[in-house]
Amino acid sequence: MKAAVLYEAGQPIQVEDVSIENPHAGEVMVRVAAGGVCHSDLHVMNGDLTAPLPIVLGHEGAGVVEKVGEGVADFKPGDHVVLLWRASCGQCQYCLSGRPALCEMGTGIRWSGNLSDGTSRFQRGDRVIHHHAGVSAFSELTVLPREGLVKIDPSVPIEKAAIVGCAVMTGVGAVINTARVEPGASIAVIGCGGVGLNAIQGGNLAGAEKIIAVDVLENKLGYARQFGATHTVNAGEVDAIESVKELTGGRGVDYAFEVIGNPRTIVQAYQMIRRGGTLVVVGVAPMGAQVAINASSIMLDEKTIRGSLYGSCNAKLDAPRLLNLYKAGKLKLDELISREYPLEKINDAFDALRHGEVARSIVRFS
Ligand code: APR
Ligand code: ZN
Ligand code: ZN
């Protein structure tokens, strides 16, 4: 079967024949229907975010169960599923304390590039190829731990469900789960790509009064308005911090969401929040990068800095809930998907992301 393999950071992805092993006990093989093209994969391709190489990329997707391994009773062939980039075991300290996005098993899978038993199901010749975050959605077939899947209503178009797997759950979740934005609040979203646009629509769902979208590209600010931004700021043309302050009576916003992964914009976002406000970091900064934030202001201004991993989601509750909101007309998914690419054109899809041409694009399998 065909899969998209990254051998080395800085090199193009190779679409090639890869062999896949049957699911082991507790695992599920999925025929992928669509995989979303997210900046976290681009971070891995650039080398900003490390991952075990070579790797079958793709961490956002949905598909249909092909076969199940021994002992899997909760999935059967034909089930429609969203693929989760952080499996949650339900048994570790984090899962038990209600923070499944921090699950030890899922985190182990991400950094090892292997499934729970320490081995990979992908191989080319005698070379082992790793799993990306236990998902590897840019592959005709993939194998996941059963804890990394959510069964969904088969009436939902499966390519729409695919982008719930990362962009929607991460962006909406940062606002609803991590920050718990309250009705009437003011928020700023810095970076209006696939994830940021979902933070904007999360702001809408939460009843935020002001939703200030910040980006350097006009087309992204256009998308932002479509997704419910009440104000837009082009950070390439004006001083973004001053503009956000002007829009909020000189004080700054209650919540700022950094959805780029750039230490400079993380500091800017900190400066955009009012005294007592909260900065939520959603973007993945290059590993080892540091941020310089005025130390006394953290205390004197009582500011809060929070990280948001996977929208602090409880994916097995949140994915079906988000899809129900879509069916009820309260969450935009159709407008997010700007383009569809066949697997063979995956490098073009990442070029389009790199150049800021799309809201989100997906790789669609026939
Ligand atoms: N100021 C404002 N906006 C910026 C700046 C900047 N200095 N630099 C880049 N941007 C904007 C881009 O124009 C783009 O619209 O940030 C946006 C990033 O969006 P995408 O490339 O679509 O990335 P996305 O997939 O949304 O991921 C965003 O979240 O999950 C993480 O790893 C992911 O760090 C990444 C971030
Ligand atoms: Zn992602
Ligand atoms: Zn766990």
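One-based numbering, in listed order, for ligands and for the atoms of each.
In terms of modelled atom types and a separation under 3.5 Å, the side chain of D79 and the main chain of K76 share a donor-acceptor contact. Not a single donor-acceptor pair under 3.5 Å links the side chain of R86 to the backbone N or O of Y310. D215 places a side-chain N or O within 3.5 Å of a backbone atom of C192 that can act as its donor or acceptor partner.
Rounded to 10°, the angle formed at the Zn ion (ligand 2) by C166 SG and C38 SG is 130°. Rounding to 10 degrees gives 110° for the angle at the Zn ion (ligand 3) between SG of C95 and SG of C92.
Two residues are said to be in side-chain contact when any heavy atoms from C-beta on lie closer than 4.5 Å; E27 and R121 meet this criterion.
At least one N or O atom of I260 sits closer than 3.5 Å to an N or O atom of ligand 1.
For the pair K303 and Y270, the distance from NZ or CZ to the six-membered ring centre is under 6.0 Å and the angle to the ring normal is within 45 degrees. Cation-pi geometry between K151 and F75 is met: the NZ or CZ atom falls under 6.0 Å from the ring centre, inside 45° of the normal.
Pairing each heavy atom of P145 with each of I109, the nearest pair is CG-CD1, 3.9 Å. Closest approach of Q271 and K245 over heavy atoms only: O-CE, 3.5 Å.
Counting heavy atoms closer than 4.0 Å to ligand 1, residue K220 contributes side-chain atoms (C-beta onward) but none from N, CA, C or O. Residue contacts with ligand 1, taken as heavy atom pairs separated by less than 4.0 Å, involve C192 solely via the backbone atoms N, CA, C and O. Under 4.0 angstrom from ligand 1, the non-hydrogen atoms of V195 come from both its backbone and its side chain.
Counting atoms of ligand 1 from 1 in the listed order, those under 4.0 Å from a heavy atom of G191 are 16 (O), 17 (C). With ligand atoms numbered from 1 in the order given, ligand 1 contributes 13 (O) to contacts under 4.0 Å with heavy atoms of L217. Remark: ligand 1 atoms within the under-4.0 Å shell around heavy atoms of H43 are 32 (O), 33 (C), 34 (O), 35 (C). Interface atoms of ligand 1 facing G194, defined by a heavy-atom separation under 4.0 Å, are 22 (O), 26 (O). Near T265, meaning under 4.0 Å from one of its heavy atoms, ligand 1 places the atoms 1 (N), 6 (C), 7 (N).
Looking only at its N/O/S atoms, H59 has NE2 as the one nearest to the Zn ion (ligand 2).
Heavy-atom distances between R360 and ligand 1 reach below 4.0 Å in at least one pair.
Counting only non-hydrogen atoms, the option in G236, A174, G283 that gets closest to atom 29 (O) of ligand 1 is G283.
Aromatic ring centres of H131 and F122: separated by under 6.0 Å.
Considering R339, K160, E159 as possible partners of I362, the one that fulfils the side chain to side chain contact (heavy atoms under 4.5 Å, CB included) test is E159.
At the top of the distance list for atom 15 (O) of ligand 1, counting protein heavy atoms only, stands D215 OD2, 2.7 Å.
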